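Note sheet for the following structure.
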Amino acid sequence: SALAAYVPVFVRQARRLAGRLDDAIAAGTPIEMVLAFNDLTLGVIMDAGFGNAISPEDYKIVFDSFRHTFAATLNPIHDIPLLNKLPLRCNIELERNFQALHAAADRIIAARKAMHASGEYQEVHDGK
């Protein structure tokens with residue numbers, strides 16, 4: 001089936017999460033499970049959606065931007081009309097993350113198009 005092609009993506013991302021959990025247990029440090037599962041989900045989506053077209057740098061930018069955006073949206077200031085438009089530090093950081101995410105998405109899409117045109121694109125990221 002078509003889903004079988006994505007099994008390596010699911011396995012790789014699950015192993016990545018298991019490694020993070022093992023590291024946290026060994027170090028005796030807590031891990032925020034909601035964020036850990038968000039990372040797992042985002043990793044699967046990025047690998048499945050962008051294949052080998054995403055650079056390690058853009059991978060990190062996308063992860064960091066989504067993490068920050070998720071945390072920022074939990075800030076109650078975003079529930080109050082107009083306050084999220086003020087030049088507050090949290091709003092400036094959120095806008096900066098949106099801009100970084102947008103720029104990374106543009107690069108990733110351009111790379112995917114170029115790789116498709118040259119025949120280098122791999123639908124499922126093989127992790128190499």
Side-chain angles (χ1 to χ4, degrees):
S1 77
L3 187 58
Y6 294 95
V7 169
V9 171
F10 294 121
V11 170
R12 182 176 48 261
Q13 292 297 331
R15 285 184 178 149
R16 182 175 162 264
L17 174 58
R20 286 183 58 202
L21 295 175
D22 287 343
D23 291 347
I25 291 168
T29 58
I31 187 164
E32 178 60 49
M33 291 305 297
V34 171
L35 292 178
F37 282 111
N38 286 346
D39 288 354
L40 172 75
T41 303
L42 185 57
V44 168
I45 291 168
M46 288 175 26
D47 281 356
F50 298 115
N52 64 334
I54 187 167
S55 71
E57 296 81 15
D58 282 335
Y59 202 91
K60 182 177 179 348
I61 289 169
V62 171
F63 256 92
D64 291 348
S65 295
F66 268 102
R67 277 191 199 118
H68 184 272
T69 301
F70 178 73
T73 57
L74 297 178
N75 184 339
I77 196 168
H78 296 289
D79 295 333
I80 303 169
L82 299 180
L83 281 184
N84 59 357
K85 304 295 183 201
L86 294 174
L88 303 173
R89 186 173 142 225
C90 61
N91 294 336
I92 292 168
E93 288 176 7
L94 185 60
E95 180 60 29
R96 190 177 302 130
N97 274 278
F98 280 141
Q99 289 174 0
L101 182 60
H102 184 78
D106 286 346
R107 286 189 301 273
I108 295 164
I109 291 167
R112 184 176 178 185
K113 287 179 180 178
M115 292 176 100
H116 262 294
S118 69
E120 296 175 52
Y121 181 73
Q122 294 176 0
E123 197 65 42
V124 177
H125 190 319
D126 63 7
K128 294 179 182 172

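A quick note: this is a predicted structure, and the numbers were derived from the prediction, not measured.
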Would a single hydrophobic cluster contain both [Y] and [X], if residues Ile, Leu, Val, Met, Phe, Trp and Tyr are joined by side-chain heavy-atom contacts under 4.5 Å?
| X | Y | value |
| --- | --- | --- |
| L17 | V44 | no |
| V34 | L40 | no |
| F37 | L21 | yes |

Taking all non-hydrogen atoms of both residues, which atom of [X] and which atom of [Y] are closest, and how far apart?
| X | Y | answer |
| --- | --- | --- |
| N91 | L83 | ND2-O, 2.9 Å |
| I92 | P87 | CD1-O, 3.6 Å |
| F50 | I108 | CD2-CG2, 3.2 Å |
| A48 | V9 | N-CG1, 4.4 Å |

Walk me through whether F10 and D47 qualify under side-chain contact (heavy atoms from CB on, under 4.5 Å).
CA-CA 9 Å; F10 294 121; D47 281 356; over 6 Å; no
Any chance you could measure [X], atom [atom1], to [Y], atom [atom2], to the nearest 0.5 Å?
| X | Y | atom1 | atom2 | result |
| --- | --- | --- | --- | --- |
| T41 | F66 | OG1 | CZ | 11.5 Å |
| N38 | M33 | CG | CE | 10.5 Å |
| R96 | S65 | CZ | OG | 11.5 Å |

Can you name the side-chain hydrogen bond (donor to acceptor under 3.5 Å, both in side chains) partners of R20, sequence neighbours left out?
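R20 satisfies side-chain hydrogen bond (donor to acceptor under 3.5 Å, both in side chains) with D39 once adjacent residues are dropped.
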Taking the cut-offs as 6.0 angstrom to the six-membered ring centre and 45 degrees off its axis, would you call R16 and F63 a cation-pi pair?
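Verdict for F63: a cation-pi partner in R16.
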Looking at side-chain heavy atoms only, is the closest gap between I61 and L101 below 4.5 Å?
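Result no, sub-4.5 Å side-chain heavy-atom pair not found.
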Side-chain (N97) to main-chain (E93) donor-acceptor, under 3.5 angstrom:
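Flag set: sc N97 to bb E93 pair under 3.5 Å.
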Qualifying residue, where the test is side-chain contact (heavy atoms from CB on, under 4.5 Å) with H116 and the options are K113, E120, R112
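Among K113, E120, R112, the one meeting side-chain contact (heavy atoms from CB on, under 4.5 Å) with H116 is R112.
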Got a sec, which residues hit ring pair (Phe, Tyr, Trp, His ring centres under 6.0 Å) with F98, two or more places apart in sequence or on another chain?
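If we apply the ring pair (Phe, Tyr, Trp, His ring centres under 6.0 Å) test to F98, skipping adjacent residues, there are no hits.
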